[in-house]
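Notes follow once the structure below has been shown.
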Amino acid sequence: MAKKRSSNLKAVVIAAAIIVAVFTGGIVYYLSGIGAIDSSDKKDVVVEIPVGSGASSIVAILDDAGLVKNTTCAKINSRIGGYNSLQANTYVFSRSMTFPEMMKAINTGDFDYLSKETFEIKDGYRLQQNAELLSKAVPFSKKEILATWSDKEYLKSLIGKYWFLTDDILNKDVMYPLEGYLFPDTYILTGENPSVESVTEMILDNTDRILTERKDEINKSGYSVHEFLTISSIVCKEGGSNPDEASHIAGVFINRLKENISLGSDVTVCYIFQEDRVDLKKSQLSSDSPYNTRKFTGLPPGPICSVPAVDMDAVLNYEKTDDLFFYAGPDGTVYYAKTDAEHQKNVQAHPWTEEDLSD
């Protein structure tokens, strides 16, 4: 009887050992199957996870991209891993990543693993110039981007969405409706095929943040947002390489507006011809465009460039001065004057030469 019991115990131990071995082997097999294919291979692999993708379809996408070591193990992990908020986007992984690492990144939309393309809206750039920059980051031409930015139905939808956009941008005299409303900054695209509309609204969301921070001050200024951005854009272009002078320049322009004197700003004339130059031709200066503030009093129909926050703040906190004129000399120094006679003396004392103009 004792011998039989000993035999049964031995059988149980062997069976238990087999179960443990199988279980341990299964665990090892599973962990290996969801591990990295090649821990030394850091080469980027881009994968697109479409909207509505479930865990099983994501396994297939990753497998097709050569990122899954064992599909069976990956499917098991996708079901038991707690991935309940999978986010569509374009991701950049590598064969050195484990399957759970990739699934966790997709589940959280981890920014570190998103496919990213950056572009800039630059300080003082005209809308056409910024459209050119954007066209290098999205699959649309400058012409297509500008067409979207001029589409009246689309613009009306934006007016309905953003408090700072009004029918002012639809004025027939405005050359480019969104001019001045695209805040200059570096932007990050996290998808492979963004639309012009989605990119535009990402930029306008940033503009919204900047203008909302200054909303009370803009209201107190007595100017509409459109007028405020128009003044700020002129200050930006006139300040150029002299940002420290911006508040004084703003004070001069505001004085001239109050006195109903034409702004006399050459940068607004440059805008008519979509160029930047100091030596404007007589024919350009005599243009009948409403942007010609040499000829017409008041503000031009709209902004003339993208406006950085520093120039917005310069207008909101403009220097209180009696000056009505300013002149930027060839060395970048700005000379201010209260009368036209003083202004002419400054011009004569610090003339631009042909050499200055060619630099």
Side-chain angles (χ1 to χ4, degrees), residues 27-121 130-142 144-145 148 161 182-209:
I27 293 296
V28 171
Y29 176 79
Y30 169 73
L31 292 176
S32 174
I34 61 174
I37 295 175
D38 183 349
S39 60
S40 65
D41 188 352
K42 307 289 185 181
K43 184 179 178 181
D44 288 345
V45 178
V46 179
V47 292
E48 180 79 27
I49 304 300
V51 174
S53 297
S56 59
S57 61
I58 290 174
V59 171
I61 291 169
L62 294 177
D63 189 32
D64 288 342
L67 294 169
V68 175
K69 189 173 185 180
N70 184 297
T71 53
T72 300
C73 296
K75 287 178 181 178
I76 293 171
N77 182 265
S78 72
R79 290 172 185 160
I80 67 174
Y83 310 120
N84 51 17
S85 59
L86 296 164
Q87 299 183 35
N89 217 314
T90 304
Y91 294 86
V92 181
F93 298 138
S94 73
R95 286 160 56 89
S96 66
M97 295 178 67
T98 66
F99 181 78
E101 285 175 333
M102 291 182 282
M103 289 299 287
K104 182 180 178 182
I106 297 170
N107 196 54
T108 59
D110 193 327
F111 187 77
D112 289 340
Y113 293 102
L114 295 182
S115 175
K116 295 179 278 289
E117 178 82 44
T118 63
F119 71 92
E120 279 187 274
I121 297 294
N130 282 316
E132 178 69 30
L133 290 178
L134 178 57
S135 70
K136 293 176 170 59
V138 297
F140 298 98
S141 67
K142 173 184 173 181
E144 291 172 316
I145 293 168
T148 299
K161 182 174 182 179
L182 304 182
F183 184 72
D185 206 343
T186 298
Y187 295 87
I188 299 174
L189 300 176
T190 58
E192 286 205 330
N193 296 299
S195 65
V196 176
E197 291 83 355
S198 66
V199 173
T200 302
E201 288 161 48
M202 174 177 66
I203 301 169
L204 289 175
D205 286 345
N206 197 22
T207 304
D208 192 350
R209 177 182 64 83

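Nothing fancy with the numbering, it's 1 onward along the sequence. Quantities reported herein were computed from a predicted structural model and do not represent experimental measurements.
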TODO: List the steps, then state whether side-chain contact (heavy atoms from CB on, under 4.5 Å) holds for Thr90 with Val46.
DONE: CA-CA 7 Å; Thr90 304; Val46 179; 3.5 Å; yes

TODO: Output the distance between atom CG (Asn77) and atom OG1 (Thr98), rounded to the nearest 0.5 Å.
DONE: 8.5 Å

Task: Side-chain heavy atoms of Leu189 within contact of Ser198, under 4.5 Å - done: no

Task: Neighbour count above 12 (heavy atom, 6.0 Å) for Lys75 NZ - done: no

Open item on the list: Within a 6.0 Å radius of atom NZ on Lys142, are there more than 12 heavy atoms belonging to other residues, nucleotides or ligands?
Closed with: yes

Open item on the list: Tell me whether Thr108 contacts the main-chain N or O of Lys104 through its side chain, where contact means a donor paired with an acceptor under 3.5 Å.
Closed with: yes

TODO: Verify side-chain contact (heavy atoms from CB on, under 4.5 Å) between Val138 and Glu117, making sure each step is shown before the conclusion.
DONE: CA-CA 9 Å; Val138 297; Glu117 178 82 44; over 6 Å; no

TODO: Report the distance from atom CD of Glu132 to atom OG of Ser141, rounding to the nearest 0.5 Å.
DONE: 9.5 Å

Open item on the list: Which heavy atom of Val59 sits nearest to which heavy atom of Thr71, and what is that distance?
Closed with: CG1-O, 4.4 Å

Task: Spatial distance of atom OG (Ser94) from atom CG (Leu67) [nearest 0.5 Å] - done: 7.5 Å

Open item on the list: Restricting to non-hydrogen atoms, name the atom on Gln87 and the atom on Asn107 that form the minimum distance, rounded to 0.1 Å.
Closed with: NE2-O, 3.4 Å

Task: Shortest non-hydrogen contact from Ser53 toward Ile61 - done: OG-CD1, 4.4 Å

Task: Spacing of Thr200 atom OG1 and Leu182 atom CG [to the nearest 0.5 Å] - done: 7.0 Å

Task: Value rounded to 0.5 Å, distance of OG in Ser56 from CZ in Arg79 - done: 7.5 Å

- [ ] Establish, from distance only, whether the side-chain atoms of Tyr113 and Asn89 form a donor-acceptor pair under 3.5 Å.
- [x] no

Open item on the list: I need the Leu62 CG to Phe93 CZ distance, nearest 0.5 Å.
Closed with: 6.5 Å

Task: Beyond-backbone contact of Glu197 with Thr148, side-chain heavy atoms, under 4.5 angstrom - done: yes

Task: Check: Tyr30/Asn70 side-chain N/O donor and acceptor closer than 3.5 Å - done: no

TODO: State, to 0.1 Å, how close Leu86 and Met103 come at their nearest heavy-atom pair, and which atoms those are.
DONE: CD2-CE, 4.0 Å

- [ ] Kindly give the heavy-atom pair with the smallest separation between Ser96 and Ala36, and that separation in Å.
- [x] O-CB, 3.4 Å

Open item on the list: So, using ring-ring contact (aromatic ring centres under 6.0 Å, His included) as the criterion, who are the partners of Tyr187 when residues are at least two apart?
Closed with: Phe119

Task: Within 45° cone of Phe111 ring axis and under 6.0 Å: Lys116 NZ or CZ - done: yes

Task: Over all atoms of both residues, closest heavy-atom pair of Val45 and Ala65 - done: CG1-O, 3.8 Å

Task: Steps toward side-chain contact (heavy atoms from CB on, under 4.5 Å) verdict (Ile121, Ile203) - done: CA-CA 9 Å; Ile121 297 294; Ile203 301 169; 4.0 Å; yes

Open item on the list: Under a 3.5 Å cutoff, is there a donor and acceptor pairing between the side chains of Tyr91 and Asp110?
Closed with: no

- [ ] Could you go through the side-chain contact (heavy atoms from CB on, under 4.5 Å) check for Phe140 and Leu134 one step at a time?
- [x] CA-CA 8 Å; Phe140 298 98; Leu134 178 57; over 6 Å; no

